[in-house]
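Take a look at the structure set out below.
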Amino acid sequence: MIETLLLASFLVSQLPTPEEKFLNLKIQLEKKGFQVVIELPPKRGAYGLLREADKKIWINPVVFELHIGTQTIIHEAVHAAQVCAGKGKIKVLGLNIQPSNYTRPFFMRYTDVHRQDLEREAYAIQTQPNSYELAVSLLHKYCQ
């Protein structure tokens, strides 16, 4: 029993800890009424997922091992701002920012053009040098 507890404690201590920006953005999202959980999203293979109906955001724990936790929550924060802008229905913000070319395959895989536009915006913000600041400002602007 004690060996199991020690092993579990050791394994948990070996998990990468979320970055400060990740934690701050998580708090900002929660202040805006979103529930952020660190667990496997209901959609297989997703790193992050937002369910607009109840404003729940899943962050796949693997993102911390891959060192993409902050980028993932920034992406989901953009979707949160899109939900706020649409008053509960996700809508494109109409930002004048283009995503990096290397992200094109990620949003072009969606067959629905509306979904492509939503993802294009999220990837566009996520890949900017000031992505964290942009995500925070979008949350403040659209989520009152």
Side-chain angles (χ1 to χ4, degrees), residues 5-144:
L5 285 174
L6 288 173
L7 178 60
S9 176
F10 172 76
L11 291 175
V12 168
S13 72
Q14 299 307 303
L15 291 175
T17 56
E19 296 177 13
E20 186 178 343
K21 286 181 178 179
F22 176 94
L23 295 172
N24 289 338
L25 196 47
K26 180 179 183 290
I27 291 167
Q28 292 294 319
L29 284 160
E30 290 168 346
K31 285 181 180 178
K32 300 296 183 183
F34 290 86
Q35 177 191 7
V36 181
V37 294
I38 313 297
E39 58 187 52
L40 289 176
K43 181 180 176 188
R44 185 183 171 113
Y47 290 137
L49 182 72
L50 182 145
R51 185 170 59 202
E52 52 191 281
D54 59 358
K55 296 170 78 172
K56 184 171 183 177
I57 298 172
W58 285 268
I59 303 293
N60 190 327
V62 75
V63 301
F64 303 112
E65 292 174 40
L66 298 172
H67 304 284
I68 58 168
T70 300
Q71 294 95 319
T72 302
I73 200 164
I74 286 169
H75 184 98
E76 297 309 319
V78 175
H79 289 318
Q82 292 169 332
V83 168
C84 292
K87 309 269 190 267
K89 292 278 192 182
I90 196 163
K91 77 170 218 162
V92 176
L93 302 173
L95 304 173
N96 192 19
I97 300 174
Q98 294 302 312
S100 300
N101 284 336
Y102 81 89
T103 64
R104 189 171 184 76
F106 297 112
F107 60 82
M108 291 305 292
R109 67 186 166 118
Y110 293 92
T111 55
D112 177 14
V113 175
H114 178 64
R115 189 75 217 177
Q116 278 182 10
D117 291 340
L118 294 166
E119 294 298 330
R120 181 181 291 109
E121 265 187 352
Y123 280 109
I125 296 298
Q126 174 187 341
T127 57
Q128 297 303 306
N130 61 338
S131 59
Y132 171 78
E133 292 78 11
L134 287 170
V136 169
S137 73
L138 291 172
L139 281 177
H140 289 306
K141 180 177 181 178
Y142 293 103
C143 301
Q144 302 302 327

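Positions are given from 1 along the sequence.
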Problem - N/O donor-acceptor pair under 3.5 Å between Gln35 side chain and Lys56 backbone - result: no
Problem - Shortest non-hydrogen separation from Ile59 to Glu76 and the atoms involved - result: CD1-CG, 4.2 Å
Problem - Pairwise side-chain contact, Ile38 with Phe64, heavy-atom cut-off 4.5 Å (strictly under) - result: yes
Problem - Atom NZ of Lys91: over 12 foreign heavy atoms under 6.0 Å - result: no
Problem - Over 12 foreign heavy atoms within 6.0 Å of OH, Tyr47 - result: no
Completion exercise
Rounding to 0.5 Å, atoms CD1 (Ile68) and CD (Gln126) come to a distance of 8.0 Å
Handout entry: Which atom of Val78 lies closest to which atom of Ala122, heavy atoms considered
Key = CG1-CA, 3.7 Å
Practice task
Would you check if the side chain of Glu65 reaches a backbone N or O of Pro61 as a donor-acceptor pair within less than 3.5 Å?
Solution key: no
Fill in the blank from the handout: d(Leu118 CG, Arg120 CZ) to nearest 0.5 Å is 10.0 Å
Problem - Whether Arg109 side chain and Phe106 backbone form a donor-acceptor pair below 3.5 Å - result: yes
Exercise for the section: Might you point out which heavy atoms bring Leu93 and Ala81 nearest each other, and give the distance in Å? Expected result: CD2-O, 3.9 Å
Handout entry: CZ (Arg115) with more than 12 external heavy atoms under 6.0 Å
Key = yes
Problem - Closest approach of Ala77 to Leu139 (non-hydrogen atoms, all atoms of both residues) - result: O-CD2, 3.8 Å
Exercise for the section: Give the minimum heavy-atom separation between Ala135 and Ile125, together with the two atoms involved. Expected result: N-CG2, 4.2 Å
Exercise for the section: Would you check, one step at a time, whether the test side-chain hydrogen bond (donor to acceptor under 3.5 Å, both in side chains) holds for Glu119 with His75? Expected result: CA-CA 9 Å; Glu119 294 298 330; His75 184 98; 2.9 Å; yes
Practice task
Nearest 0.5 Å please: distance from the CG atom of Asp117 over to the CZ atom of Phe107.
Solution key: 9.0 Å
Fill in the blank from the handout: NZ of Lys55 to CD of Glu30, rounded to nearest 0.5 Å, is 12.0 Å
Exercise for the section: Begin from the C-alpha positions of Tyr123 and Arg104 and carry the test side-chain contact (heavy atoms from CB on, under 4.5 Å) through to its verdict. Expected result: CA-CA 9 Å; Tyr123 280 109; Arg104 189 171 184 76; over 6 Å; no
Problem - Test item: Glu52 side-chain N/O and Ile90 main-chain N/O as donor-acceptor pair under 3.5 Å - result: yes
Completion exercise
Distance col, row Gln28:CD vs Leu138:CG, nearest 0.5 angstrom, shows 12.5 Å
Problem - Donor-acceptor contact below 3.5 Å, side chain Lys32 vs main chain Cys143 - result: yes
Practice task
May I ask you to decide if Val92's main-chain N or O and Glu121's side chain share a donor-acceptor pair within less than 3.5 Å?
Solution key: no
Fill in the blank from the handout: Smallest heavy-atom separation, Phe22 atom then Gly69 atom, equals CD1-O, 3.2 Å
Exercise for the section: For Asp112, look at atom CG and say whether over 12 heavy atoms of other residues, nucleotides or ligands are found less than 6.0 Å away. Expected result: yes
Completion exercise
Taken to the nearest 0.5 Å, the spacing of Gln98 CD from Thr103 OG1 works out to 9.5 Å
Handout entry: Thr70 side chain near Leu25 side chain, heavy-atom distance below 4.5 Å
Key = no
Handout entry: Chi angles and distances behind the side-chain contact (heavy atoms from CB on, under 4.5 Å) call for Leu29, Ile73
Key = CA-CA 9 Å; Leu29 284 160; Ile73 200 164; 3.8 Å; yes
Practice task
Decide whether Gln82 and His79 meet the rule of one side-chain donor and one side-chain acceptor closer than 3.5 Å.
Solution key: yes
Problem - Beyond-backbone contact of Ile97 with Leu134, side-chain heavy atoms, under 4.5 angstrom - result: yes
